[in-house]
Amino acid sequence: MPKSRIRKKADYTPPPAKQATAIKLNSRAWVAPVMLAMFLVGLAWIVVFYVTDGSLPIDSLGNWNIVVGFGFIAAGFGVSTQWK
């Protein structure tokens, strides 16, 4: 039986090294303070509403004051999506 031919493999050549590129992060120093402020304002709004039996922060809103408080908290979560 005839011998099969031996194929010569090329030597391993590593892929070219990639240049390291600097990642530019935008400075968003305002995000954390605004996010925390929204959380605290929302929490304070709800706590004040419950402590004063609904007479504060805005008496004419009634139980909608809870929605306003949670709206501030939701806005805080919305701002938190900008944090890097």
Take V79 and F39 through the test side-chain contact (heavy atoms from CB on, under 4.5 Å) and record every step on the way to the result.
CA-CA 10 Å; V79 170; F39 288 155; over 6 Å; no
What donor-acceptor contacts under 3.5 angstrom involve side-chain atoms of residues 71-78, with partners at least two apart or in another chain?
none

Inter- and intrachain pairs under side-chain hydrogen bond (donor to acceptor under 3.5 Å, both in side chains), touching residues 56-81, at least two apart
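Checked against side-chain hydrogen bond (donor to acceptor under 3.5 Å, both in side chains) - neighbours excluded - the pairs reaching residues 56-81 are W45-N65.
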Using a 4.5 Å cut-off between side-chain heavy atoms of Ile, Leu, Val, Met, Phe, Trp and Tyr, which other residues end up in the same hydrophobic cluster as L40?
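So far as hydrophobic clustering goes, L40 is joined with none.
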State which residues pass side chain to side chain contact (heavy atoms under 4.5 Å, CB included) with V47; sequence neighbours excluded, sorted by chain then number.
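Partners of V47 under the side chain to side chain contact (heavy atoms under 4.5 Å, CB included) test: L43, V51.
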According to side chain to side chain contact (heavy atoms under 4.5 Å, CB included), who are the partners of L56, at least two apart in sequence or on a separate chain?
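Scan of L56 (side chain to side chain contact (heavy atoms under 4.5 Å, CB included), adjacent residues dropped) gives V48, T52.
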